[in-house]
> 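Just passing along the structure, written as structure tokens.
The model shown is predicted, which means the values in this text are computed figures rather than measured ones.
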There are 2 protein chains.
Amino acid sequence: MAARLNLEEIGRRAGVSRSTVSRVVNGEPNVSAKTKRKVEAVIAATGFRPHAAARSLASRQTGVIGLIIPSEAGTLFNDPYFGRLILGASDAMNGLDLTLALFVFGEEIDESAIISRVVNPGLVDGVIVTATRMADPLIDHLRDAHMPFVVIGRPDSPHAVYSVDADNRGGARSAALHFAQLGRQRPALIAPPSNTSAGVDRRSGFLDGLAEAGLSIDGRVREGDWTEGAGRSAMAELLASSPDAVFVGSDRMAVGALQAIREANLQCPQDVAVVSFDGIIPADMVVPRLTSVAQPVREVGERAVSLLKAVLDGDVTKAESVVFPTELVIRETCGAALAATETGTAS
Amino acid sequence: MAARLNLEEIGRRAGVSRSTVSRVVNGEPNVSAKTKRKVEAVIAATGFRPHAAARSLASRQTGVIGLIIPSEAGTLFNDPYFGRLILGASDAMNGLDLTLALFVFGEEIDESAIISRVVNPGLVDGVIVTATRMADPLIDHLRDAHMPFVVIGRPDSPHAVYSVDADNRGGARSAALHFAQLGRQRPALIAPPSNTSAGVDRRSGFLDGLAEAGLSIDGRVREGDWTEGAGRSAMAELLASSPDAVFVGSDRMAVGALQAIREANLQCPQDVAVVSFDGIIPADMVVPRLTSVAQPVREVGERAVSLLKAVLDGDVTKAESVVFPTELVIRETCGAALAATETGTAS
DNA sequence: TTATGTTGTGGGAGCGCTCCCAAGGAATCC
DNA sequence: GGATTCCTTGGGAGCGCTCCCACAACATAA
């Protein structure tokens with residue numbers, strides 16, 4: 001009775017062959033309009049959908065792209081960065097009729113177990129790797145397994161790697177210049193982990209900017225693991241060397257830093273100006289409102305997908321690595337409005 | 001030379017048949033220790049992994065579970081809820097050797113296009129539906145397509161549906177009782193959207209709690225779309241009727257509400273106490289620290305996976321719907337410490 | 001007329017796996 | 001000893017699709 005719905009069966013009902021149905025389903029040319037109409041009618045009536053696994057097996061591509069978020073990032077799931085990234089990637093995939101497979105490494109999960117699942121042939125066509133660590137072993141594994149991939153971040157691989165990144169150095173540099181312009185004399189830095197490319201770049205970009213502006217940092221540098229707690233304790237330590245401006249490498253750490261400033265009975269931005277990085281926390285969430293270097297997270301996600309798609313299609317004429325500009329969004333914590341008032345430039 | 005690696009080829013190299021290799025790969029019994037060792041050696045030497053699509057086609061299951069986040073939730077990606085949920089689901093899947101496929105509906109994407117992709121046979125074994133709307137059409141589609149699914153939330157379907165939810169009513173009720181206990185007289189409510197089960201339940205739970213405690217709300221009710229902005233404007237409106245306590249249906253809206261209170265030159269908790277729902281914002285992120293009804297988001301995600309797994313395995317002896325308890329976590333915005341001080345009960 | 005495309009259609013082969021049956025050999029039972 | 005069972009192994013069939021070649025039907029050119 002209810003014969004299993006497949007190309008053969010649809011063909012039987014439409015009075016054509018399996019091959020013709022396949023052509024209609026895949027929108028191939030060289031099908032007469034009449035035949036096409038007949039077949040489409042049967043498909044619509046039955047609600048037939050081709051079997052994905054069979055298609056994958058025969059065509060050797062799955063239409064699935066993996067997004068890999070390694071273990072250290074597990075805690076990062078508390079910040080909106082990955083949500084945005086996923087949203088961007090997902091949007092792009094919807095447009096390309098691709099499916100997103102998400103691989104999150106839990107701390108307790110053996111990394112190699114995940115890797116072997118990811119590179120499982122016939123599961124995904126390619127992967128996007130996020131939160132890349134410096135010298136990430138995952139990248140070598142992917143290359144060894146001949147799995148096409150795109151990295152989000154700046155990979156420090158000896159080989160050429162397709163990548164998408166935000167301009168971390170430039171953004172951090174602009175924070176330094178901003179402090180200089182506001183007349184701050186004793187800058188400090190709370191850097192993200194230096195085992196990530198973003199950590200390295202935000203640190204060096206800021207230091208370069210300071211040097212350019214003739215400011216010195218004199219060891220007022222700490223490093224934190226992206227969390228509020230880390231920002232808070234790093235800031236508490238830094239306050240001993242009385243900085244008047246701090247560049248904090250992530251919004252979440254900046255929230256912690258503001259907390260520490262408040263606890264020391266100091267005022268932000270009057271006593272200590274703060275500029276952070278990400279531009280990802282809703283503006284109204286913290287008081288005073290955070291001045292932050294914004295990066296286009298969603299666009300990064302979208303672009304990673306389209307780049308990977310190009311790689312998969314062999315469309316290698318496109319650029320190998322893309323860097324999105326970042327933008328210093330001035331709100332309250334940097335004290336720009338304050339400075340303007342003092343010099344009578346603004347209200 | 002490099003013959004394609006498949007069961008046949010591995011078998012050839014190990015001097016056994018395709019079938020035997022298959023048995024070893026799948027850990028089936030009834031393979032002699034010696035044969036097993038031989039085959040495993042060849043597999044290890046070659047790095048062979050069985051082809052997922054071929055396996056899916058033959059076995060009629062994919063080992064992939066879909067997680068669906070409908071369009072309205074797109075904006076919600078700004079809050080950590082979905083990150084936690086994904087993390088929980090992902091952890092559970094890693095443990096069960098399952099792969100997570102994420103389907104996010106963008107506003108601009110035609111819902112039915114996604115649906116047809118989701119129910120594509122041979123893609124996923126089953127799906128988890130989140131952020132369910134009341135009378136969600138998606139649920140009917142899934143049923144029609146015979147796609148096994150589990151709902152996160154409280155589905156209001158005429159049919160029996162497997163579901164996992166947090167005790168929204170109970171949590172909201174406890175907020176009301178807490179206000180009553182603290183002697184607040186003029187409670188108000190900022191409810192989440194009433195087209196979601198969480199919105200309906202948090203609203204009714206709070207109102208029930210008030211009734212129980214003999215407090216009336218007199219129209220001091222607004223509704224917001226989960227965002228800070230909505231919380232802020234709802235609170236601004238409510239302040240006209242001078243409430244002394246507000247239950248806000250989500251942490252993000254509570255952040256906006258606090259902002260509105262501050263802008264009205266009122267003090268929280270002295271003038272207006274605030275209790276919110278979710279328990280998801282890092283405690284230090286806002287000042288004063290948010291008293292919130294915490295729900296175990298990660299556990300909900302994990303449980304949804306294990307429930308779906310049970311459904312897929314035909315292990316229907318397990319409960320059809322699971323409700324996780326919620327817990328009122330007292331911090332600063334409710335004014336409990338304040339009340340205690342006043343009555344001399346605590347420091 | 002015959003040679004030469006062009007378009008539409010059908011069907012064989014094969015993707016790599018699982019499922020299942022059969023068969024040989026070893027172990028066990030009466 | 002022969003009959004019965006169990007364990008181990010091999011291979012046919014088939015999952016539903018794509019790829020490719022063959023071929024019929026028709027148009028076009030010499």
> Side chains of A/I152 and A/D165: does their closest heavy-atom pair fall under 4.5 Å?
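A side-chain contact under 4.5 Å is absent here.
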> How close or far is atom P of C/dC15 from atom CG of B/L57, stated in whole angstroms?
13 Å
> Atom NE2 of A/H51 and atom C1' of D/dC17: how far apart are they, to the nearest Å?
10 Å
> Reckon A/R4 has a side-chain N or O less than 4.0 Å from the OP1 or OP2 of D/dG16?
yes
> Whether A/D91 and A/R298 form a salt bridge (side-chain N of Lys/Arg under 4.0 Å from carboxylate O of Asp/Glu) is what I want to check.
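Yes, this pair counts.
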> Let me have a per-nucleotide readout for nucleotides 4-11 of chain C, 5' to 3', with B, S or -, counting only protein heavy atoms under 4.0 Å.
----SBBB
> Does A/A58 or B/N26 map to a spot on DNA chain C nearer the 5' end, using the closest nucleotide for each?
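Going by which nucleotide is closer to the 5' end, it is A/A58.
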> Using whole Å, report how far CD of B/Q61 lies from P of C/dC17.
16 Å
> A/I68 versus A/T130: any side-chain heavy-atom pair under 4.5 Å?
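Contact flag for A/I68/A/T130 side chains = no.
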> Just verifying a value: how many Å separate A/D136 CG and A/D156 CG, rounded to the nearest 0.5 Å?
9.0 Å
> Under the salt bridge (Lys or Arg N to Asp or Glu O under 4.0 Å) rule, what pairs show up with a residue in residues 14-23 of chain A, not counting sequence neighbours?
A/E8-A/R18
> At less than 4.0 Å, is any side-chain N or O atom of B/R55 found next to OP1 or OP2 of C/dT18? Yes or no.
yes
> If you look only at distance, which donor and acceptor atoms sit under 3.5 Å apart when one is on a side chain in residues 32-45 of chain B and the other is two or more places apart or in another chain?
| residue | atom | partner | partner atom | Å |
| --- | --- | --- | --- | --- |
| B/S32 | OG | B/T35 | N | 3.3 |
| B/S32 | OG | B/T35 | OG1 | 2.7 |

